[in-house]
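First the structure, in the form of structure tokens, and then the observations on it.
These numbers come from the heavy atoms of this one structure, side chains and all, not from hydrogens, waters or symmetry mates. Residue numbers count from 1 along this sequence.
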Amino acid sequence: MTDTPMIINALGQLDNPNAPASVDAAAQLNPSSEQLTIDKRTLADAHASGLTAVNITLGYTMGDLPPYEHTLHEIAVWDALVRDHSADLTKVLTAADIRRARAEGRIGVIYGFQNAVAVGDDTGRIATFADLGVRVVQLTYNQANHIGDGSMAPENRGLSDFGHRVVDALNERHVMVDLSHSGERTCLDAAAYSRQPVSINHTGCRALADLPRNKTDEELRLVASRGGFVGIYFMPFLSPSGHARAEDVVDHIVHAVNVCGEDHVGIGTDGTVTSIDDLDAYRAHLAEHVALRREAGVGAAGERADTLPFVVDLRGVNQFRELIRLLEARGYGARRIEKILGTNFLDYAERVWTPVTGSSRS
């Protein structure tokens with residue numbers, strides 16, 4: 001493939017993990033968006049990788065912060081970041097904004113949550129979030145909340161009564177319902193109930209690695225059958241050993257395509273483009289961070305002190321080109337690779353999002 005296709009990361013981050021502030025933040029259980037480092041290297045690396053758009057995580061995910069207030073603050077933080085780097089970044093409200101970002105050589109920033117706790121007991125807040133530009137809402141993190149069970153909740157209960165109302169409100173405002181991190185029953189319930197197609201923006205295939213953060217073929221098939229999207233992550237959960245490699249990523253993409261069809265699979269790396277330079281120093285602090293997550297009850301099965309939260313041979317500015325090379329080696333043609341790298345997510349966005357008055361021109 002000679003020309004880099006449109007690359008849309010269904011879940012990632014913009015950050016320079018080598019900068020002092022980001023190094024300090026990485027050691028914390030629940031760093032805030034204000035601690036990210038979006039510097040010249042962050043932006044240069046993102047451009048060099050070919051990235052067109054990325055769904056970033058903002059707002060409340062875990063911890064003892066006030067969920068609603070913290071989320072509103074985080075939205076304001078990201079609005080300022082996009083505004084301060086307007087030559088390189090643009091806020092995405094519609095699928096057309098992603099196309100425009102590519103045409104203008106900027107990177108589209110999609111606002112998303114990895115926990116819907118900030119909704120509280122008021123589904124009206126979803127309209128507030130949508131009006132502020134949130135386009136993706138993941139229902140749960142690993143633990144249970146009042147909407148449904150996360151992947152590590154042992155009861156595996158389904159979507160709650162209130163959760164059904166949350167899905168209704170997200171459908172009403174044409175916000176993506178993301179079922180990453182959800183428990184199996186919650187995922188199946190939400191996918192079946194939602195009037196709009198739903199997504200699993202960052203996951204793996206449980207048929208290949210039997211860990212709770214991965215999705216069963218039943219979940220994958222149901223999401224795809226209703227017009228949804230599945231993004232494969234670059235995470236340790238892709239291998240039972242916890243030491244996932246680039247070939248594991250390809251294996252999971254191939255399996256997902258076989259289950260879902262080639263029109264419903266993409267990537268959601270759950271990582272940055274800029275790679276960590278000093279892996280030895282990072283490994284020295286990793287055990288402490290994993291222990292913090294375990295003590296707080298937010299870790300997932302498969303997280304260990306020796307498992308890097310990324311794929312060591314599929315990172316940095318060449319990660320997407322390397323993935324293209326590996327997919328080509330599996331016999332995938334240019335059109336199918338283009339779908340997986342970006343246009344499947346774009347088509348899914350077209351199915352869910354609707355034009356919003358005052359489309360972002362940040």
Side-chain donor-acceptor pair present, [X], [Y], cut-off under 3.5 Å:
| X | Y | value |
| --- | --- | --- |
| S33 | E74 | yes |
| S151 | N142 | yes |
| H181 | T140 | no |
| N344 | H264 | no |
| E338 | T343 | no |
| T42 | N16 | no |
| Y233 | N9 | no |
| D149 | N156 | no |
| S180 | D178 | yes |
| D15 | S22 | yes |
| Q114 | H202 | yes |
| D131 | T128 | no |
| S194 | N171 | yes |
| D79 | Y111 | yes |
| D168 | Y193 | yes |

Next item on the list: Have a look at F310 and tell me which of F237, F234, Y282 forms a ring pair (Phe, Tyr, Trp, His ring centres under 6.0 Å) with it.
Entry: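 By the ring pair (Phe, Tyr, Trp, His ring centres under 6.0 Å) criterion, F310 pairs with just one of F237, F234, Y282: Y282.
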Item checked: Hydrophobic cluster of L188, others only, ordered by chain and residue number, side-chain cut-off 4.5 Å ->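 Listed partners: L222.
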Next item on the list: Check the pair H85 / L43 against side chain to side chain contact (heavy atoms under 4.5 Å, CB included), numbers first and verdict last.
Entry: CA-CA 9 Å; H85 299 286; L43 297 169; 3.7 Å; yes
Determine whether a donor-acceptor pair (N or O, by modelled atom type, separation under 3.5 Å) exists between the side chain of [X] and the backbone of [Y].
| X | Y | answer |
| --- | --- | --- |
| E295 | L292 | no |
| R135 | A130 | yes |
| N115 | T61 | yes |
| S199 | V230 | no |
| T186 | G148 | no |
| D97 | L93 | yes |
| E322 | Q319 | no |

Check: Going by the ring pair (Phe, Tyr, Trp, His ring centres under 6.0 Å) test, which pairs reach into residues 320-347, not counting sequence neighbours?
Finding: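 Only F229-F345 qualify under ring pair (Phe, Tyr, Trp, His ring centres under 6.0 Å).
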Do other residues, nucleotides or ligands put more than 12 heavy atoms under 6.0 Å from [X] [atom1]?
| X | atom1 | answer |
| --- | --- | --- |
| D278 | CG | yes |
| E350 | CD | yes |
| Q28 | CD | yes |

Any side-chain heavy-atom pair of [X] and [Y] under 4.5 Å:
| X | Y | value |
| --- | --- | --- |
| E184 | R206 | yes |
| V109 | V92 | no |
| C205 | L220 | yes |

Measure the spacing between [atom1] of [X] and [atom2] of [Y] and express it to the nearest 0.5 Å.
| X | Y | atom1 | atom2 | result |
| --- | --- | --- | --- | --- |
| L132 | L72 | CG | CG | 6.5 Å |
| M6 | L346 | CE | CG | 5.5 Å |
| S241 | R304 | OG | CZ | 7.0 Å |
| I110 | T90 | CD1 | OG1 | 11.0 Å |

Notebook entry, point to check: Is the Y60-Y141 ring centre distance short of 6.0 angstrom?
Noted result: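 No; Y141 has its ring centre 6.0 Å or more from that of Y60.
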Margin query: D277 vs R41, test: salt bridge (charged side-chain N to carboxylate O under 4.0 Å, His left out). Steps then yes/no.
Written below: CA-CA 12 Å; D277 295 332; R41 179 176 175 184; 2.8 Å; yes
Check: With a distance cut-off below 6.0 Å to the six-membered ring centre and an angular limit of 45° from the axis, does R125 pair with Y68 as a cation-pi contact?
Finding: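 Yes, R125 lies over the aromatic ring of Y68.
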Item checked: H255/D217 under side chain to side chain donor-acceptor pair (under 3.5 Å): CA gap, chis, key distance, verdict -> CA-CA 9 Å; H255 183 84; D217 285 0; 2.8 Å; yes
